[in-house]
Engineer: 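I have a structure here, written as structure tokens, and I will follow up with some questions on it.
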Amino acid sequence: MAFTAKPYCSTTAKPPTPAAHRSPSGPSPSISVRAAAVSPRARHSVYGLSAAGNASSSTVRLRALAQRTRAQPQQPPRRRPEYVPNRIDDPNYVRIFDTTLRDGEQSPGATMTSAEKLVVARQLARLGVDVIEAGFPASSPDDLDAVRSIAIEVGNPPPGDDGGAHVPVICGLSRCNRRDIDAAWEAVRHARRPRIHTFIATSEIHMQHKLRKTPDQVVAVAREMVAYARSLGCADVEFSPEDAGRSNREFLYHILEEVIKVGATTLNIPDTVGYTLPYEFGKLISDIKENTPGIENAIISTHCQNDLGLATANTLAGARAGAQQLEVTINGIGERAGNASLEEVVMAIKCRGELLDGLYTGINSQHITLTSKMVQEHSGLHVQPHKAIVGANAFAHESGIHQDGMLKYKGTYEIISPDDIGLARANEFGIVLGKLSGRHAVRSKLVELGYEISDKEFEDFFKRYKEVAEKKKRVTDEDIEALLSDEIFQPKVIWSLADVQATCGTLGLSTATVKLIGPDGEERIACSVGTGPVDAAYKAVDQIIQIPTVLREYGMTSVTEGIDAIATTRVVVTGDVANNSKHALTGHSFNRSFSGSGAAMDIVVSSVRAYLSALNKMCSFAGAARASSTEVPGSASVQRAE
């Protein structure tokens, strides 16, 4: 029986020869010819398997191969090509465009504070993404400020850098109108490599029912707005024909040709509603590459939604067909069913590169696990246990047959090593945090986990850490991240929790007394009864703050095992507050939802902290909206743009 599968996805093997440099006299790059070039017997010998299939000797040889592979030094990653907006000198390199902070944040309840967005952006830069789409600046003054902060702090080399640090492109989304483009440019122009990403719908159903424009009018608007973006001084302009997957091909070729003429450097092809199948999407990319005049002067990009669960497959099909930029999000978060998942796309390319014509990325995959956890924590959107690559069960084995195989050789049931995505985190100094740990050890752990905070923020965090460490024998990485999110990466504090006391049981109604400190520094106390201690505490909070609020979601999880575990709570609320947010695709104002998270060893305290976090976000957003409409007339006009 032929055996052709690798025991592990290779991370040490020599990289494939780039397509542009393969010897013309060598074998054809087609999969079938390459596969046929190796006989079944030869393939057996590659993995130390005899033709007779002797089980014991095969096992010994496989183990020896694994030991040799582990002993080999890691091959240095291929150098990232120098960034040029409209071309990539290495035909095998694909840019990773991360839209977690824009499309990902459009998930209901995934609203992040400016501080959280900045932390995630820093981590995306460490991960090695080529482009960070930091937001939709015209949607709200807060979003514009957040994108501007990311452009300044993440979009430029760190102080003292000698040129070795990776600095990503910072991108802002805009519709095809001048006010949106002005807002995007104002936000991203502070970056070393700014990009404006503008879009307009091109499918018949969108042009007829949403835009109410003719195809010629759509082309004229696209040409004018791409040219306008370039006229502002932005040398890097991305154009997206929204709903390209359902657009007429000839019209698509025409509008892409026209925007290339006026300066578009990247052409993003979105499967906006996740409608296409992989072979259809791959054919769409190859057809655009073959039939669009001037396409050699621009980069083709993909943006695949996951409505039919095919976003990753479609993205890979597009890459194999010639797309050199892939738009993805961490954990696949985004509108409706989400987007193509960065970790799935990147690891598929890394694991099966030989079948993808030697494609590679600049991603440091060992940062994947940390980035995934960070996005889960700050967005409040936790992944299902069986999520590929980053789910809790992705590297868990419970079946007896699987466990037996894993004990004999890990390659029997794992195609990726957990180390490749940074799952097995080992502390080189052997530090275990507990109640006796000092400031230096705790700060070192924060640096190891990828968090950089100010001295004042550290002192606030260290106080909370000591409170927990007094009650727990060992403080884990997960505990650290939960406390950090609860103490540091919270919205602007308007209402803060001073005390809460609750009683409950079977002998009477649950009651709660809550003391809050208001924005004026005054303490306010309220008591209430409810169906349980959390309900009673929330009603007491409502009595104090007096903002009409609807609790949409409530969830609680244990950070670690054991009776002394920290509980993290996530809530999503909506309310009747002034709301001038605009949806990136429809342009309509919508009633924004706000998520909040809290952490504590007491579940009632954790719940109240989460509720206050969401309410503080709501109050901050409403205050920013009122300030924008009364103090900055120009910003208000941006929000009214159609």
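Treat the numbers as computed from the prediction; the structure is a model and nothing was measured. Residue indices begin at 1 and follow the sequence shown.
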Engineer: Heavy-atom count around Q217 CD within 6.0 Å, excluding the residue itself: above 12?
Structural biologist: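 More than 12 heavy atoms, drawn from other residues, nucleotides or ligands, come within 6.0 Å of this atom.
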Engineer: Whether E296 and R87 form a salt bridge (side-chain N of Lys/Arg under 4.0 Å from carboxylate O of Asp/Glu) is what I want to check.
Structural biologist: no
Engineer: Without swapping roles, check the side chain of T292 against the backbone of I295 for a donor-acceptor pair under 3.5 Å.
Structural biologist: no
Engineer: I'd like to know if the side chain of Y228 pairs up with that of N177 as donor and acceptor (distance under 3.5 Å, no hydrogens or angles considered).
Structural biologist: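 Distance-only check fails for Y228 and N177.
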Engineer: Where is the tightest heavy-atom contact between A184 and P137, given as atom of each residue plus distance?
Structural biologist: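 Shortest heavy-atom separation between A184 and P137 comes out as CA-CG, 3.8 Å.
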Engineer: Measure from the side-chain N and O atoms of R223 to the backbone N and O of A227, and report whether any donor-acceptor pair falls under 3.5 Å.
Structural biologist: no
Engineer: So does R195 pair up with D236, basic N to acidic O under 4.0 Å?
Structural biologist: yes
Engineer: Got a salt bridge between K387 and E343, using NZ or NE/NH1/NH2 to carboxylate O under 4.0 Å?
Structural biologist: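 Looking at K387 and E343, the cut-off is met.
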Engineer: Any salt bridge linking D287 with R249? Criterion: basic side-chain nitrogen under 4.0 Å from a carboxylate oxygen.
Structural biologist: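 Result for this pair is yes, salt bridge flagged.
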Engineer: Checking side-chain polar atoms at under 3.5 Å, does S597 have a donor or acceptor matched by the opposite partner on R570?
Structural biologist: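 Looking only at side-chain atoms, R570 and S597 do not form any donor-acceptor pair under 3.5 Å.
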Engineer: Would you check, one step at a time, whether the test side chain to side chain contact (heavy atoms under 4.5 Å, CB included) holds for T198 with F239?
Structural biologist: CA-CA 5 Å; T198 190; F239 173 75; 4.3 Å; yes
Engineer: Indicate yes or no for a side-chain donor-acceptor contact from R193 to the backbone of V167 under 3.5 Å, with no hydrogens or angles considered.
Structural biologist: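 Pair found, side chain donor or acceptor close to backbone of V167.
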Engineer: Are R246 and D243 close enough for a salt bridge, meaning some N to O gap below 4.0 Å?
Structural biologist: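 A salt bridge is present here (some side-chain N lies under 4.0 Å from a carboxylate O).
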Engineer: I'd like to know whether N314 forms a side chain to side chain donor-acceptor pair (under 3.5 Å) with Y279, so could you lay out the CA-CA distance, the side-chain angles of the two residues, the decisive distance to 0.1 Å, and finally the verdict.
Structural biologist: CA-CA 8 Å; N314 284 343; Y279 80 91; over 6 Å; no
Engineer: Quick one about D180 and S174 (side-chain donor to acceptor, distance below 3.5 Å, no hydrogens or angles considered), yes or no?
Structural biologist: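 Their side chains do not contain a donor-acceptor pair, so the 3.5 Å distance test is not met.
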Engineer: List the steps and the verdict of side chain to side chain donor-acceptor pair (under 3.5 Å) for D142 and S140.
Structural biologist: CA-CA 5 Å; D142 184 65; S140 71; 5.2 Å; no
Engineer: Let me confirm one number: the OG1-NZ distance from T202 to K213, rounded to the nearest 0.5 Å.
Structural biologist: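 It comes to 14.5 Å.
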Engineer: Shortest non-hydrogen contact from G135 to R102?
Structural biologist: C-CG, 3.4 Å
Engineer: Could K261 and E258 be called an ion pair, given the rule that one side-chain N must be under 4.0 Å from one carboxylate O?
Structural biologist: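 So K261 pairs with E258 through a salt bridge.
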Engineer: So does G362 get a backbone contact from the side chain of R80, meaning a donor-acceptor N/O pair under 3.5 Å?
Structural biologist: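 Between the backbone of G362 and the side chain of R80 there is a qualifying donor-acceptor contact (under 3.5 Å).
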Engineer: Of all heavy-atom pairs between V571 and A614, which one has the smallest distance, and what is that distance?
Structural biologist: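 Reported closest heavy-atom pair: CG2-CB, 3.9 Å.
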Engineer: Identify which one of N331, T371, L381, I333 satisfies the side chain to side chain contact (heavy atoms under 4.5 Å, CB included) criterion when paired with Q376.
Structural biologist: N331
Engineer: Return the orientation label for the H197 and F199 ring planes: parallel under 30°, perpendicular over 60°, tilted otherwise.
Structural biologist: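 H197 vs F199 ring planes: perpendicular.
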Engineer: Is a side-chain N or O of K617 found less than 3.5 angstrom from the main chain of S595, in a donor-acceptor match?
Structural biologist: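 Between the backbone of S595 and the side chain of K617 there is a qualifying donor-acceptor contact (under 3.5 Å).
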Engineer: Short question: side chain of E224, backbone of V221 - any donor-acceptor pair under 3.5 Å?
Structural biologist: no
Engineer: For H303 and N339: C-alpha separation, side-chain torsions, deciding distance, then whether side chain to side chain donor-acceptor pair (under 3.5 Å) applies.
Structural biologist: CA-CA 8 Å; H303 182 110; N339 292 274; 3.1 Å; yes
Engineer: Flag the pair P278 / L310 as yes when at least one side-chain heavy-atom distance between them is below 4.5 Å, and no otherwise.
Structural biologist: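 A side-chain contact under 4.5 Å exists here.
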Engineer: For the residue pair R78 and Y360, would you count it as a cation-pi contact if the rule is NZ or CZ under 6.0 angstrom from the ring centre and within 45 degrees of the ring axis?
Structural biologist: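 R78 over Y360 ring: yes.
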Engineer: Looking at OG1 of T329 and CG of L101, how far apart are the two atoms once the value is rounded to the nearest 0.5 Å?
Structural biologist: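 So the OG1 of T329 and the CG of L101 are separated by 10.5 Å.
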Engineer: Give the intermediate values and the outcome of side chain to side chain donor-acceptor pair (under 3.5 Å) for residues N268 and S240.
Structural biologist: CA-CA 5 Å; N268 180 48; S240 290; 2.9 Å; yes
Engineer: Looking at Y275, I want to see if its OH is surrounded by more than 12 non-hydrogen atoms of other residues, nucleotides or ligands under 6.0 Å.
Structural biologist: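 Counting other residues, nucleotides and ligands, OH of Y275 stays at 12 neighbours or fewer.
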Engineer: Considering all heavy atoms of both residues, which atom of A340 and which atom of E327 are nearest to each other, and what is their separation?
Structural biologist: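 Result for this residue pair: CB-O, 4.2 Å.
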Engineer: Kindly compute the distance separating OG1 (T361) from CG (N92), expressed to the nearest 0.5 Å.
Structural biologist: 12.0 Å
Engineer: Have Q384 and H382 got a donor and an acceptor in their side chains that come within less than 3.5 Å?
Structural biologist: no
Engineer: Taking all atoms of both residues into account, what is the closest heavy-atom pair of I200 and C176, and its distance?
Structural biologist: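 Where I200 meets C176 most closely, the heavy atoms are CB-SG, 4.0 Å.
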Engineer: Are the side chain of T100 and the backbone of G104 linked by a donor-acceptor contact shorter than 3.5 Å?
Structural biologist: no
Engineer: Is the closest basic N to carboxylate O distance between D143 and K117 below 4.0 Å?
Structural biologist: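 Result for this pair is yes, salt bridge flagged.
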Engineer: Give the intermediate values and the outcome of salt bridge (Lys or Arg N to Asp or Glu O under 4.0 Å) for residues E242 and K210.
Structural biologist: CA-CA 12 Å; E242 185 190 358; K210 186 181 76 171; 2.8 Å; yes
Engineer: Can you check whether T276's main-chain N or O pairs, donor with acceptor, with D271's side chain at less than 3.5 Å?
Structural biologist: yes
Engineer: Would you check, one step at a time, whether the test salt bridge (Lys or Arg N to Asp or Glu O under 4.0 Å) holds for D182 with R178?
Structural biologist: CA-CA 6 Å; D182 285 340; R178 288 177 181 252; over 6 Å; no
Engineer: Rounded to the nearest 0.5 Å, how far apart are OG of S301 and CZ of F97?
Structural biologist: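 It comes to 7.0 Å.
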Engineer: In this structure, which one of T265, I260, V259 forms a side chain to side chain contact (heavy atoms under 4.5 Å, CB included) with V226?
Structural biologist: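 Answer after filtering T265, I260, V259: V259.
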Engineer: Do you know which two heavy atoms are closest between A244 and I269, and how far apart they sit?
Structural biologist: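 Scanning both residues, the minimum pair turns out to be CB-CG2, 3.7 Å.
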Engineer: Salt-bridged, K373 to E377, with N to O below 4.0 Å?
Structural biologist: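 Salt bridge absent between K373 and E377.
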Engineer: Check for a donor-acceptor pair, side chain of Q305 on one end and backbone N or O of G338 on the other, with a separation under 3.5 Å.
Structural biologist: yes
Engineer: Kindly compute the distance separating CD1 (I152) from CG (N156), expressed to the nearest 0.5 Å.
Structural biologist: 8.0 Å
Engineer: In Å, rounded to the nearest 0.5 Å, how long is the span from CG of L173 to CD of E238?
Structural biologist: 9.0 Å
Engineer: Taking T266 for the side chain and I299 for the main chain, is one N or O donor matched with an acceptor at less than 3.5 Å?
Structural biologist: no
